[in-house]
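The structure appears right after this line, and notes come after that.
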Amino acid sequence: MPELPEVETIKRELEKVVLGKKITGVTIHNQKVIREPQVDKFKKGIIDATIKNIIRKAKLLILELSNGNSLAIHLKMTGQLVYPGDGKSARVSFHLSDGKSLDFNDQRLFAELRLIDDWSALKFIQGLGPEPFDITESRFNKMLSNKKTKIKPLIMDQTFISGIGNLYAAEALFRAKVHPERPANSLSDKEKSLLFQEIKDTLKEAIENKGSSVDQYVQVSGKPGGYVKFHKVYDRQGKPCLVCGTPVKRIALGGRGTFYCPKCQQ
DNA sequence: AATGGGACCTGCGCGC
DNA sequence: TGCGCGCAGGTCCCAT
């Protein structure tokens with residue numbers, strides 16, 4: 001599932017392969033993913049525009065076009081952007097001036113495409129908390145200190161801090177040796193600081209390895225990301241903790257699968 | 001205010 | 001071999 005590192009990887013790759021190209025046509029195979037505006041307006045607002053700039057905000061990808069419009073893409077769980085596309089599993093194909101196409105795939109149809117004139121006015125954008133790289137350690141520590149809620153759902157709350165999803169929340173908490181059910185304000189200053197550092201390091205290392213290919217995520221080239229082999233707890237229930245050998249546990253927390261080492265994480 | 005659950009979806013893996 | 005069911009998770013929405 002694309003989180004900040006996966007979306008950042010896609011952004012960097014798109015900059016290499018589609019930036020500066022003109023969108024000459026759009027084929028919509030399934031209009032469910034087009035959330036706004038209406039399909040024909042969507043097409044009209046894109047065709048003949050050039051991709052001028054590519055931005056990532058948390059897990060949202062934004063393609064700024066030469067005509068003043070922006071295409072905002074949220075991949076949710078199974079969204080993919082593939083270039084050059086073959087159209088086979090595309091929900092939407094963007095045909096480009098180089099004769100190739102950028103395919104938007106999405107097996108589960110959860111993803112959202114929006115064409116708007118001002119992406120910064122999107123409700124989703126306005127509600128986003130800061131990304132981990134945009135705040136200081138002391139700010140992070142202060143943000144946690146007045147929150148009684150469980151730490152894992154809290155760091156996955158995009159309005160609190162943005163970019164972290166289920167996978168990297170689990171990995172960062174393991175690395176910081178913090179139990180996912182700890183109330184946020186029960187962490188010591190030392191634990192808060194370590195967690196903040198581990199969140200940043202985990203995301204950074206995942207970006208360096210071009211993301212984690214679990215479920216559907218692939219790079220724009222179609223290649224899988226390389227970070228899965230570094231996972232310590234995610235999807236490893238029953239397997240020995242790589243630090244102490246205790247079987248990794250899986251619980252449901254906030255309706256989400258949560259993986260942790262019951263011995264290392266207290 | 002915080003928390004929990006359901007909805008949105010599809011395909012996969014499991015048990016029988 | 002085949003069928004039904006639970007599950008996967010990002011975000012929104014509603015209820016408590």
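In what follows, every chain begins at residue 1, and chains take the letters A, B, ... in the order their sequences are listed.
Scored by the side-chain hydrogen bond (donor to acceptor under 3.5 Å, both in side chains) test, A/His74 finds no partners at all (sequence neighbours excluded). The side-chain contact (heavy atoms from CB on, under 4.5 Å) check on A/Ile116 picks up A/Glu36, A/Ala72, A/Arg114, A/Trp119, A/Leu122, with sequence neighbours excluded. Every residue two or more places apart in sequence or in another chain was checked for a salt bridge (Lys or Arg N to Asp or Glu O under 4.0 Å) with A/Lys22, and none qualifies. In this view, A/Asp117 satisfies the side-chain hydrogen bond (donor to acceptor under 3.5 Å, both in side chains) rule with no residue, not counting sequence neighbours. The side-chain hydrogen bond (donor to acceptor under 3.5 Å, both in side chains) test applied to A/Glu13 returns A/Ser221, not counting sequence neighbours. By the side-chain contact (heavy atoms from CB on, under 4.5 Å) test, A/Arg139 is found to be paired with A/Pro130, A/Ile135, A/Thr136, A/Met143, residues two or more places apart in sequence or in another chain being considered. Contacts of A/Arg35 classified as side-chain hydrogen bond (donor to acceptor under 3.5 Å, both in side chains), with partners at least two apart in sequence or in another chain: none. The salt bridge (Lys or Arg N to Asp or Glu O under 4.0 Å) search around A/Asp189 returns A/Lys192, not counting sequence neighbours.
In this structure, A/Lys123 reaches the C/dC13 phosphate: one of its side-chain N or O atoms is under 4.0 Å from OP1 or OP2.
Nucleotides of DNA chain C nearest to A/Thr159 and A/Gly255 differ in position, and the one nearer the 5' end is that of A/Gly255.
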Seminar exercise, completed: Per-residue pairing states of DNA chain B in dot-bracket (Watson-Crick or G-U under 3.5 Å; . unpaired, | other strand) read .|||||||.|||||||
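The residue A/Gly257 sits close only to the backbone: its heavy atoms come under 4.0 Å of sugar-phosphate atoms, none of a base. A/Glu3 comes within 4.0 angstrom of the backbone, heavy atoms only, and of no base.
When rounded to the nearest whole Å, the span between CD1 of A/Ile73 and C1' of C/dG10 equals 16 Å. The distance between atom CG of A/Leu61 and atom P of C/dT11, rounded to the nearest whole Å, is 13 Å. Atom CG in A/Leu75 sits roughly 12 Å away from atom P in C/dG10 (whole-Å rounding). For the pair A/Glu112 CD and C/dG10 P, the interatomic distance rounds to 14 Å; values are reported in whole Å. For the pair A/Asp235 CG and C/dC7 C1', the interatomic distance rounds to 12 Å; values are reported in whole Å. Rounded to an integer number of Å, the gap from A/Asn185 CG to B/dA1 P is 17 Å. Between the CZ atom of A/Arg114 and the C1' atom of C/dC12 there is a distance of 11 Å, given to the nearest Å. The separation between A/Ile125 atom CD1 and C/dC12 atom P is 11 Å, rounded to whole Å.
DNA chain C is contacted by A/Asn166 of residues 160-171 of chain A, taking any non-hydrogen atom closer than 4.0 Å.
Taking the six-membered ring for Trp and thresholds of 30 and 60 degrees, A/His231 and A/Tyr168 have ring planes more than 60 degrees apart, a perpendicular arrangement.
Side-chain heavy atoms closer than 4.5 Å link hydrophobic residues (I, L, V, M, F, W, Y) into clusters, and following such links, possibly through other members, connects A/Leu109 to A/Leu75. A single hydrophobic cluster is not seen to contain both A/Met156 and A/Ile199; linkage of ILVMFWY side chains at heavy-atom distances under 4.5 Å, directly or through other members, places them apart.
Separation of the P atoms belonging to C/dG6 and B/dG6 is 12 Å when rounded to the nearest angstrom. Comparing C/dC3 with B/dC9, their P atoms are spaced 25 Å from each other, to the whole Å. Comparing C/dT11 with B/dG11, their P atoms sit 22 Å apart, to the nearest whole Å.
A/Arg256 contributes no side-chain N or O that forms a donor-acceptor pair with the base of B/dT3 under 3.5 Å.
Summarising the hydrophobic clusters (Ile, Leu, Val, Met, Phe, Trp, Tyr; side-chain heavy atoms under 4.5 Å, direct or chained), the residues clustered with A/Ile251 are A/Tyr260.
With C/dC13, B/dA2, C/dT11 as the candidates, the nucleotide lying closest to the side chain of A/His74 is C/dT11. Side-chain atoms of A/Thr149 lie closest to B/dA2 of the nucleotides B/dG4, B/dA2, C/dC12.
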For this session: List the protein contact pattern of nucleotides 9-14 of chain B with one symbol per nucleotide (5' to 3'): B for base contact, S for sugar-phosphate-only contact, - for none; contact means a heavy-atom distance under 4.0 Å.
Result: BBS---
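Rounding to the nearest 0.5 angstrom, the gap separating the CD atom in A/Gln80 from the CD atom in A/Gln219 is 12.0 Å.
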